[in-house]
Protein chains: 2
Amino acid sequence: MAPAEPHLTARLRSARLEQILRERICLLDYPPGVKLSEEALAGEFGMSRTPLRRVLARLEATGLLQSVHGVGTFVTDVADAELDRIYALRIELAILAARLEPRPPAPPLLARFREIATRARDLPAGPETPRAFARLILDFSAAQSELSGNQPLMEMTGHLHGQTARIWLHALTQPEDGPRLDLAEEIAIFAREAEDVRDALEIPDLEAAAAIHRAHVSMSFRRLQERRAQGRPD
Amino acid sequence: MAPAEPHLTARLRSARLEQILRERICLLDYPPGVKLSEEALAGEFGMSRTPLRRVLARLEATGLLQSVHGVGTFVTDVADAELDRIYALRIELAILAARLEPRPPAPPLLARFREIATRARDLPAGPETPRAFARLILDFSAAQSELSGNQPLMEMTGHLHGQTARIWLHALTQPEDGPRLDLAEEIAIFAREAEDVRDALEIPDLEAAAAIHRAHVSMSFRRLQERRAQGRPD
DNA sequence: TTTTCCAATGATGTGCACAACGATACCCGA
DNA sequence: TCGGGTATCGTTGTGCACATCATTGGAAAA
């Protein structure tokens with residue numbers, strides 16, 4: 001496709017590529033379990049397999065990819081048991097953002113939260129809805145990561161979020177029994193969360209915002225478990 | 001040196017190598033800021049630069065290394081500000097191990113804690129003391145990571161521990177003003193912690209063990225800050 | 001018809017030669 | 001003697017050819 005810039009620093013080129021691939025995975029352009037082709041990706045980005053493999057190795061270290069000799073490079077899936085553990089951890093970490101170096105949002109950041117809230121409410125229905133929803137969730141997570149100055153904490157919550165959100169959304173859009181009904185419901189719930197968090201940040205009450213988010217992570221986890229229980233007795 | 005096994009699976013070989021390098025970094029065989037040679041490492045492990053670079057990329061993704069084009073590959077140092085943040089986070093995470101899927105230690109694990117406690121008390125004084133102490137701390141961290149079934153949490157605490165412990169120990173053994181006095185004091189304190197945690201685990205009271213550890217992380221952080229304040233007014 | 005073996009295929013892993021880059025030391029001119 | 005520009009060297013980054021592995025399909029034997 002587009003070889004991007006013909007010549008940028010090697011370091012920036014690889015960082016850029018890593019970000020692009022990470023987004024594609026989180027936006028479900030590459031759903032869990034899918035096989036990627038090193039050669040195809042190298043061709044798409046106008047480089048050799050060697051530097052591409054370096055990027056893939058980094059993504060493998062963060063748990064988003066897994067390479068198997070002679071078979072292929074796969075986007076990782078997350079087993080139910082581990083998903084449960086990540087959710088349990090996210091619930092605990094949600095409050096820490098307000099306790100460790102909370103940073104009241106500056107006007108530009110507040111504007112981002114407002115934009116996310118309105119975008120969530122006006123999310124258009126259609127075949128592109130899942131991807132738009134995924135993008136929305138990604139943006140929300142990115143905005144949240146600026147609410148605390150504790151970078152290691154925000155990196156971890158962001159990482160865990162990326163691991164769970166894509167699996168969660170993938171399960172939602174896979175029409176096992178309830179096809180799109182769940183998705184519409186989840187979108188409405190997320191819109192409420194975005195609005196509530198926005199309102200809390202306008203005060204600004206960071207602890208309230210964190211508590212709201214924590215509650216939603218917890219409830220989202222419960223709904224996922226219910227959905228699992230429904231899907232099993234088939 | 002020793003090319004290890006002449007032929008093992010590629011995946012295992014690289015995982016093994018990554019573990020070895022990670023240990024060398026955490027045991028301060030490769031102190032923060034030191035420059036590594038890709039060619040020398042490749043030669044030592046009997047492989048080409050290509051697979052070695054794959055391992056280095058993974059270590060770079062976890063923040064232990066940093067490669068700079070045309071300059072070298074360096075063991076990362078951690079700035080004071082970030083070290084503070086990691087400590088603050090570790091203090092909060094310490095209690096979670098007892099709250100999320102606590103696992104009472106089986107007899108073999110208990111034996112490991114006992115061994116660590118006695119080894120800490122009988123730590124021989126000498127030129128090899130810092131390395132033996134680093135090994136002790138590493139083993140203690142590894143044993144602790146089995147006290148909870150929540151794997152993502154234990155991975156994170158382990159990762160954060162590796163990031164802080166090596167910097168902390170390096171600062172201790174660098175004779176800026178108080179040469180080895182601090183080290184001996186820290187060893188004694190650690191020995192007390194290991195004994196207290198061991199006693200709590202014999203009950204077994206995992207919450208007490210976590211609280212003890214949390215207290216020691218917090219106090220260790222305070223001592224580090226004091227030491228910093230002492231070092232500055234030179 | 002079924003089973004077994006093997007060859008072909010496509011993927012990732014490895015080694016090597018060269019390019020690109022940054023730091024350093026040196027030389028030349030003022 | 002000092003300053004600046006340049007050449008050289010060491011190191012990481014890239015491209016390519018090949019090795020290695022796992023799967024799959026088909027052919028041959030039971």
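What you see below is based on every heavy atom in this structure, not just the backbone, and it leaves out hydrogens, waters and symmetry mates. Lettering follows sequence order; numbering is per chain, from 1.
Taking atom CZ of residue Arg11(A) and atom C1' of nucleotide dA20(C), one finds them 15 Å apart after rounding to whole Å. What separates CZ of Phe45(A) from C1' of dT14(D) is a distance of 17 Å, to the nearest Å. In this structure, the CG atom of Leu8(A) is 16 Å from the C1' atom of dT14(D), given to the nearest Å. dC21(C) atom C1' lies 16 Å from atom CZ of Arg13(A), rounded to whole Å. Between Leu52(B) atom CG and dG13(C) atom P there is a gap of 15 Å when expressed in whole angstrom units. Leu12(A) places its CG atom 12 Å from the P atom of dC21(C), with the value rounded to the nearest Å. Distance Leu56(B) CG to dT14(C) P: 13 Å, rounded to the nearest Å.
Under the 4.5 Å side-chain criterion, counting only non-hydrogen atoms from C-beta, Leu224(A) is not in contact with Asp84(A).
Among the nucleotides dT12(D), dG13(C), dC16(D), the one closest to any side-chain atom of Arg54(B) is dG13(C). Of the candidates dG15(D), dC16(C), dA17(D), dA17(D) carries the atom nearest the Arg49(A) side chain, counting heavy atoms from C-beta on.
Close to dG13(D), at under 4.0 Å from its OP1 or OP2, lies a side-chain N or O of Arg53(B).
Atom CZ of Arg223(B) sits in a crowded spot, with more than 12 heavy atoms from other residues, nucleotides or ligands closer than 6.0 Å.
With sequence neighbours excluded, the residues that form a ring pair (Phe, Tyr, Trp, His ring centres under 6.0 Å) with Phe190(A) are Phe133(A), Phe140(A).
Checked by atom type, the side-chain pair Arg54(A)/Ser14(A) shows no donor-acceptor distance below 3.5 Å. For Arg11(A) and His69(B), the side-chain atoms include no donor-acceptor pair closer than 3.5 Å.
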What pairs of nitrogen or oxygen atoms, one from the protein and one from nucleotides 6-11 of chain C, lie under 3.5 Å apart?
residue, atom, partner, partner atom, Å
dG10(C), N2, Gly70(A), O, 3.2

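Looking at Arg222(B) and Glu226(B), no side-chain N of the basic residue comes within less than 4.0 Å of a carboxylate O on the acidic one, giving no salt bridge. Ion pairing between Asp182(B) and Arg227(B) holds under the 4.0 Å rule for side-chain N and carboxylate O.
Between the side chain of Thr9(A) and the base of dC21(C), no donor-acceptor pair of N or O atoms lies under 3.5 Å.
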